[in-house]
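Because the structure is a prediction, the values reported are computed rather than measured. Just follow the structure's listing: the first ligand is 1, and inside any ligand the first atom is 1.
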Amino acid sequence: MNRARSDTLVLHLPDALATEALARRLAPGLAPGFVLYLSGDLGAGKTTFTRALLRSLGFGGRVKSPSFSLLESYDLSRFRLYHFDFYRFDSEQDWLDAGFEEFIGAPNVAIVEWPERAGGTLPTPDLHLFLRFAGDTGSEARIVEAVAGTDRGRACLKALAPTDERC
Ligand SMILES: Nc1ncnc2c1ncn2[C@@H]1O[C@H](COP(=O)(O)OP(=O)(O)OP(=O)(O)O)[C@@H](O)[C@H]1O
Ligand SMILES: [Mg+2]
């Protein structure tokens with residue numbers, strides 16, 4: 001099931017623990033300026049992934065979904081991380097009006113759920129994860145396709161590949 005090209009990695013995630021393990025493998029690759037997009041249907045696991053990433057980066061507090069607030073921010077030791085959720089955007093104009101552009105890019109790290117709702121004017125991400133449901137209804141299984149948009153993202157793909165199938 002797992003397959004890789006130089007800019008794409010596809011992994012099977014049998015349960016939420018596997019999604020969290022994937023986030024832990026990405027965490028060391030984050031650096032100021034890193035941009036990560038998370039796509040996938042409602043409940044696919046975007047916030048679950050982000051929560052595990054923040055834990056791995058040393059954040060011990062509550063990680064709320066930004067579904068309603070649009071934005072949550074975290075002061076971490078190496079950078080400030082902005083976690084966005086653009087589900088409630090209706091158009092590109094909503095994204096332009098929100099004035100979030102300045103938060104995406106150095107010196108911050110940005111994670112964006114539902115980037116497609118911003119209408120295509122977002123910057124190219126270092127990494128874009130596409131999560132989708134796999135298996136029967138109610139199954140915890142997910143498939144994730146990780147697509148690198150930059151050299152930095154390509155370097156991360158190597159770290160995302162599990163070292164054994166239990167990851
Ligand atoms: N393999 C899996 N990966 C991630 N989450 C999983 C998995 N299996 C089950 N879950 C559960 O599915 C739910 C995912 O919810 P989460 O809030 O992360 O989704 P989301 O993609 O952020 O949705 P939304 O678009 O509404 O923000 C959580 O309750 C999580 O425990
Ligand atoms: Mg979410």
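Only the side chain of Glu113 comes within 4.0 Å of ligand 1, judged by heavy-atom distances. At a 4.0 Å heavy-atom cut-off, ligand 1 touches Trp114 through the side chain alone.
Ala18 does not count as a contact of ligand 1, since none of its heavy atoms falls under 4.0 Å from the ligand. Contact annotation: Gly40 has no heavy atom less than 4.0 Å from any atom of ligand 1.
Within the model, atoms CZ of Phe84 and CG of Leu71 stand 5.0 Å from one another, a figure rounded to the nearest 0.5 Å. Note that CD of Glu140 and CG of Asp15 are 5.5 Å apart. Values are rounded to the nearest 0.5 Å. Note: Leu122 CG to Glu101 CD = 8.5 Å, rounded to the nearest 0.5 Å. A distance of 10.5 Å separates OG1 in Thr19 from CZ in Arg24, rounded to the nearest 0.5 Å.
The distance from ligand 1 to the heavy atoms of Thr19 drops below 4.0 Å at these ligand atoms: 1 (N), 2 (C), 3 (N), 4 (C). Every atom of ligand 1 with a heavy atom of Lys46 under 4.0 Å away is listed here by number and element: 18 (O), 19 (O), 20 (P), 21 (O), 22 (O), 23 (O), 24 (P), 25 (O). Of all atoms in ligand 1, listed by their number and element, those nearer than 4.0 Å to a heavy atom of Asp85 are 27 (O).
Closest to atom 26 (O) of ligand 1 among all protein heavy atoms lies Leu42 CD2, 3.3 Å. Closest to atom 10 (N) of ligand 1 among all protein heavy atoms lies Arg142 NH2, 3.4 Å. Atom 31 (O) of ligand 1 has Ala16 CB, 4.2 Å as its closest protein atom, hydrogens excluded (heavy atom only). In this structure, atom 8 (N) of ligand 1 lies nearest to the protein heavy atom Glu140 O, 3.2 Å. The protein heavy-atom contact nearest to atom 18 (O) of ligand 1 is Thr48 OG1, 2.6 Å. Closest to atom 17 (O) of ligand 1 among all protein heavy atoms lies Thr47 CB, 3.7 Å. Counting only heavy atoms of the protein, atom 23 (O) of ligand 1 lies nearest to Gly43 N, 2.9 Å.
The heavy atom nearest to atom 5 (N) of ligand 1, out of those in Gly45, Ser65, Gly138, is found in Gly45.
In terms of heavy-atom proximity, Cys156 sits nearest to Phe34 at SG-CE1, 3.7 Å. Taking both residues in full, the closest heavy atoms of Phe86 and Trp114 are given as CB-O, 3.4 Å, listed atom of the first, atom of the second, then distance.
Hydrophobic clustering of Ile, Leu, Val, Met, Phe, Trp and Tyr side chains at less than 4.5 Å, counting indirect connections, unites Phe89 with Tyr37.
Looking only at distances, a side-chain donor or acceptor of Asp126 sits under 3.5 Å from a matching main-chain atom of Val35. The main-chain N or O of Tyr87 is found under 3.5 Å from a side-chain atom of Arg117 such that the two form a donor-acceptor pair.
The Mg ion (ligand 2) has no N, O or S atom of Tyr87 under 2.8 Å away, backbone or side chain. Residue side and main chain included, Asp85 places no N/O/S atom under 2.8 Å of the Mg ion (ligand 2).
Ligand 1 has an N or O atom lying under 3.5 Å from an N or O atom of Ala44, backbone or side chain.
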Trace of the side-chain hydrogen bond (donor to acceptor under 3.5 Å, both in side chains) decision for Ser39 with Glu116: CA-CA 8 Å; Ser39 292; Glu116 42 287 295; 2.7 Å; yes

